[in-house]
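Below, chain A is the first sequence line, B the second, and so on; all start at residue 1.
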Number of protein chains: 2
Amino acid sequence: MNKLVIFGVGLIGGSFARGLKKAGAVRHIVGVDRSEAAAQRAVELGIVDEAGGPEAVRGADLVLLATPVAQTGPILAALLPWLDSHTIVTDAGSTKSDVVAAARAALGARVAQFVPGHPIAGRETNGPDAAIDDLYVGKKFVVTPLAENPPAAVDRVTDAWRACGAIIHRLTPGEHDKVFASVSHLPHLLAYALVDDIANKPHADLLFQYAASGFRDFTRIAGSSPEMWRDISMANRVALLAELDAYMAQLTQLRAQLAAGDGAGLEAVYGNAQRARRNWIEAIEAAEAPPPQDTAE
Amino acid sequence: MNKLVIFGVGLIGGSFARGLKKAGAVRHIVGVDRSEAAAQRAVELGIVDEAGGPEAVRGADLVLLATPVAQTGPILAALLPWLDSHTIVTDAGSTKSDVVAAARAALGARVAQFVPGHPIAGRETNGPDAAIDDLYVGKKFVVTPLAENPPAAVDRVTDAWRACGAIIHRLTPGEHDKVFASVSHLPHLLAYALVDDIANKPHADLLFQYAASGFRDFTRIAGSSPEMWRDISMANRVALLAELDAYMAQLTQLRAQLAAGDGAGLEAVYGNAQRARRNWIEAIEAAEAPPPQDTAE
């Protein structure tokens, strides 16, 4: 493509830029960031060719919003005056129903030009310096198209992510939000809750002193940005509440088994979990294994 | 010491043997295992000098029980007829109040010879082949002495663990069980519960397909042995129930904040957790850092 504009030149947006440049799939990239320092740093690092404002959207083939989901509406409203009819806008938000609602409110009928999506990739670092060209290689990009999106618009977005090495998946926004409430948003809430619970006990120092590697891994996601996860939790709260209620019902059942001394009941739950996790890990490893070599003579 | 007998020649017992041999701190080691194959393998690998039965305890300086905690009572009853008055027995169980109760029941007044303990170390593999000589280097060994234990008996146990490279900590059995209910047993139960919850949903395959690295780390401990964790959960259920109740109260409060749209409340919990975890990680890293070099000229 000729021109790409990226709002938010941190890890996610910057890595998209680097991946496309490495693939030779884009000619000119403009970075827009509420932090002038970040935008300048992205230019210095060669992630983007220039820094600009919302008006840079003019003439773009593709616009990526790689900003916190709560900023989707305001940014779309700011770029709308400069949005050409041939330009496609996409995003990288961790929630989709709220992003779609914000896009409909901001863009009206022109929401047909907005193709929502979510790359399933991340690192523990952030900012332009964290951006790398292979962040998306072998990772999933979930596109959640709207009924209004012409197929060519969806293709432009998925082609770009495919050029970055991503594997394209397709869900509806609602399906997406239920899936990620279950396997991502709920685990984050649970990890934050456990660390906060322990930190608030009078003997917290003693407890942390004996926490070991199992605790470190279990709570790694509680090291994530509280602002970002507040936004995700609020944006997806309907689906997250449903998952939390199911989990609390499960804990209530385990509590009853424990109180009743029902070791066989506990072991059934633990064993089912261990088996399911092992099957999942094996499926991941099979998917990540290199394809069999051609052994034809 | 002259003679050591180890019940259970797997990862924990075998690594204790290897650590002591490497330190030159023991002359002769006998391995006792309910699996004859494991005992023979431990001999082949040079972990122990010979395999034997409970009668091997005769003349031992130290006996280590490195078996599931539920076996503590039966093993102590089996070795009691061969227990010399100068022999000290210790264990490596993950729970302590139940072990102490079993020891009192099995040994009566001779419980003075039993010094309970818990090395805080592990790996994801098990059996004699998993045993390594540096498993305990820099790790904690928590000794939980009884009022009846003579100081010299406690010293014999802690000296042996120190020879394996462990750092000695001291708690009462009750303190130990509360601490580990909080930072180890509850997280295991929570991780098992989450994976089981997801695995039982009709669309489990779809959900697991989108689980990523955060989920993998959060649930790593759900890959642990269900039998072992059933035993630990049951053995420590009073303390575990108290921790589970506190955690469920915390989830109930978070649920109310989420339902009320209280983003600031959520962020306060998430932020407190992130800070507490960061402080904990920094404290670990400081403790693990090499001592400052002497820069005197």
Can you tell which part of [X] gets under 4.5 Å to a heavy atom of chain B, answering side chain, backbone, both or neither?
| X | answer |
| --- | --- |
| I120(A) | side chain |
| E175(A) | neither |
| L251(A) | both |
| S233(A) | both |
| V142(A) | side chain |
| R220(A) | both |
| L266(A) | side chain |
| L244(A) | side chain |
| A235(A) | neither |
| W280(A) | side chain |
| S224(A) | backbone |
| S213(A) | both |

Q | Member of N200(B), D197(B), D196(B) meeting the side-chain hydrogen bond (donor to acceptor under 3.5 Å, both in side chains) criterion with Q250(A) | A |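 Among N200(B), D197(B), D196(B), the one that satisfies the side-chain hydrogen bond (donor to acceptor under 3.5 Å, both in side chains) with Q250(A) is D196(B).
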Q | Verdict with supporting geometry, Y210(A) and H169(B), ring-ring contact (aromatic ring centres under 6.0 Å, His included) | A | CA-CA 10 Å; Y210(A) 292 101; H169(B) 286 241; 5.3 Å; yes
For chain B, find which of [options] contributes the most heavy-atom pairs closer than 4.5 angstrom.
| options | value |
| --- | --- |
| S225(A), G263(A), A199(A) | G263(A) |
| Q257(A), H188(A), E243(A) | E243(A) |
| A191(A), A211(A), A276(A) | A211(A) |

**Q.** F218(B) and F218(A) aromatic ring geometry - parallel, tilted or perpendicular at 30°/60° bounds
**A.**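 F218(A) vs F218(B) ring planes: parallel.
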(Q) For L194(A) and Y247(B): C-alpha separation, side-chain torsions, deciding distance, then whether side chain to side chain contact (heavy atoms under 4.5 Å, CB included) applies. (A) CA-CA 7 Å; L194(A) 183 73; Y247(B) 184 72; 3.8 Å; yes
Q. Tell me, side chain or backbone of A260(B) under 4.5 Å from chain A's heavy atoms, or both, or neither?
A.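 Backbone only.
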Q | I221(B) versus chain A, the contacting section by heavy-atom distance below 4.5 Å | A |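 Side chain of I221(B) only, per the 4.5 Å heavy-atom cut-off to chain A.
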Top contributor to chain A interface from [options] [non-hydrogen pairs under 4.5 Å]:
| options | value |
| --- | --- |
| S184(B), A268(B), G265(B), A246(B) | A246(B) |
| Q253(B), R275(B), R278(B), Q209(B) | Q209(B) |
| W229(B), F215(B), F180(B), Y270(B) | Y270(B) |
| G214(B), A264(B), A249(B) | G214(B) |

Which atom of [X] lies closest to which atom of [Y], heavy atoms considered:
| X | Y | value |
| --- | --- | --- |
| P226(A) | G271(B) | CG-CA, 3.6 Å |
| L254(A) | A193(B) | CD1-CB, 3.5 Å |
| S182(B) | K201(A) | OG-CE, 4.2 Å |
| M234(A) | D262(B) | CE-N, 3.9 Å |
| R237(B) | L258(A) | NH1-O, 3.2 Å |
| A259(A) | L241(B) | CA-CD1, 4.0 Å |

[Y] and [X], any side-chain heavy atoms less than 4.5 Å apart:
| X | Y | value |
| --- | --- | --- |
| H203(B) | K178(A) | no |
| L171(A) | L206(B) | yes |
| L190(A) | L190(B) | no |
| V269(A) | L189(B) | no |

Q: Say whether, by atom type as modelled, one donor and one acceptor occur between the side chain of Q274(A) and the main chain of G223(B) under 3.5 angstrom.
A: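 Yes, the answer is positive, given that a donor and an acceptor are paired below the 3.5 Å cut-off.
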Q: Examine distances only and state if a side-chain atom of R277(B) and a backbone atom of R216(A) form a donor-acceptor pair shorter than 3.5 Å.
A: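 Yes.
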Q) In this structure, are over 12 heavy atoms from other groups packed under 6.0 Å from D205(A) atom CG? A)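 No, not enclosed.
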(Q) Would you compute the distance between atom OG1 of T219(A) and atom CG of D217(B) and round it to the nearest 0.5 angstrom? (A)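 Between atom OG1 of T219(A) and atom CG of D217(B) there are 9.5 Å.
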Q) Charged N to carboxylate O below 4.0 Å: is that the case for R255(B) and D245(A)? A)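 Judged by the 4.0 Å cut-off on N to carboxylate O distance, R255(B) and D245(A) do form a salt bridge.
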